[in-house]
Amino acid sequence: QKEVEQNSGPLSVPEGAIASLNCTYSDRGSQSFFWYRQYSGKSPELIMSIYSNGDKEDGRFTAQLNKASQYVSLLIRDSQPSDSATYLCAVNTGNQFYFGTGTSLTVIP
Amino acid sequence: GAVVSQHPSWVICKSGTSVKIECRSLDFQATTMFWYRQFPKQSLMLMATSNEGSKATYEQGVEKDKFLINHASLTLSTLTVTSAHPEDSSFYICSARGWGQGGQPQHFGDGTRLSIL
């Protein structure tokens, strides 16, 4: 079982819709959770960090963490074509850092 | 804050050449730096993890003598691809992680696109 799992997609949503990206992790001791966005040909950039159960909002982005169910999600409201990218979920467990393989999102104008 | 600078951004060189890539944390001290490579349309592949002043820890299948990593200070790590060959052509990305409780994220450099002719 992989430490972090994501649906590879591709996920397509129309412009203005809500995009929902999900991630599950295997280690209950995981402490910190991150979402990165990677545009084609570019390096990943950090967009959200979340450390405790519940929701964390930053602009159009909301990260949701449920430690009991071991999942993290990212919601993108009012999706824009510029949100089209691969979204990577990352989990920190002790000294280890695990990335998912990423979900490809396409926002259709 | 949390800016990571990676140079060069693009390298084209002949087979057999050694190439050095620098990764600097500009506004924070990096306790740990990571080196990744990524092929087109594929996931990040962790090559090695380095802590300042100690030897890098390489992932299985990564040749230590081929990919030399030096983490001489809390703000600088270098990756040297020795005697590079066309199969080493890839996108190399570094990241850095700083101090702090609760688990700090990795901050990525812009990457280096390496093409070996």
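Every chain is numbered from 1, with letters handed out A, B, ... down the list of sequences. Being a predicted model, the structure only gives us computed values, none of them experimental. Hydrogens, waters and symmetry mates are skipped; everything else that's a heavy atom, side chains included, is used.
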Do A/Glu5 and A/Thr24 have side-chain atoms, one donor and one acceptor, less than 3.5 Å apart? no
Region of B/Gln38 in contact with chain A, defined by heavy-atom distances below 4.5 Å: side chain
Decide, yes or no, whether a salt bridge links B/Glu59 with B/Arg37 under the criterion of side-chain N to carboxylate O below 4.0 Å. no
Side chain, backbone, both or neither: which part of A/Phe33 has an atom under 4.5 Å from a heavy atom of chain B? neither
Solution key, residues 108-117 of chain B side-chain donor-acceptor pairs under 3.5 Å, sequence neighbours excluded:
{"unit_1": "B/Thr112", "atom_1": "OG1", "unit_2": "B/Gln6", "atom_2": "NE2", "d": "3.0"}
{"unit_1": "B/Thr112", "atom_1": "OG1", "unit_2": "B/Pro8", "atom_2": "O", "d": "2.5"}
{"unit_1": "B/Arg113", "atom_1": "NH2", "unit_2": "A/Gly41", "atom_2": "O", "d": "2.8"}

Could you tell me which of B/Arg97, B/His107, B/Gln42 has the largest number of non-hydrogen atom pairs under 4.5 Å with chain A? B/Arg97
Going by atom type alone, with no hydrogens or angles, which donor-acceptor pairs under 3.5 Å involve a side-chain atom of residues 65-74 of chain B and a protein atom two or more places apart or on another chain?
{"unit_1": "B/Lys66", "atom_1": "NZ", "unit_2": "B/Thr82", "atom_2": "O", "d": "3.2"}
{"unit_1": "B/Lys66", "atom_1": "NZ", "unit_2": "B/Ser83", "atom_2": "O", "d": "2.8"}
{"unit_1": "B/Lys66", "atom_1": "NZ", "unit_2": "B/Asp88", "atom_2": "OD2", "d": "2.8"}
{"unit_1": "B/Asn70", "atom_1": "OD1", "unit_2": "B/Ala72", "atom_2": "N", "d": "3.2"}
{"unit_1": "B/His71", "atom_1": "ND1", "unit_2": "B/Ser50", "atom_2": "O", "d": "3.1"}
{"unit_1": "B/His71", "atom_1": "ND1", "unit_2": "B/Ser50", "atom_2": "OG", "d": "2.9"}
{"unit_1": "B/His71", "atom_1": "ND1", "unit_2": "B/Glu52", "atom_2": "N", "d": "3.4"}
{"unit_1": "B/His71", "atom_1": "NE2", "unit_2": "B/Ser73", "atom_2": "O", "d": "3.1"}
{"unit_1": "B/Ser73", "atom_1": "OG", "unit_2": "B/Thr75", "atom_2": "N", "d": "3.2"}
{"unit_1": "B/Ser73", "atom_1": "OG", "unit_2": "B/Thr75", "atom_2": "OG1", "d": "3.4"}
{"unit_1": "B/Ser73", "atom_1": "OG", "unit_2": "B/Leu76", "atom_2": "N", "d": "3.2"}

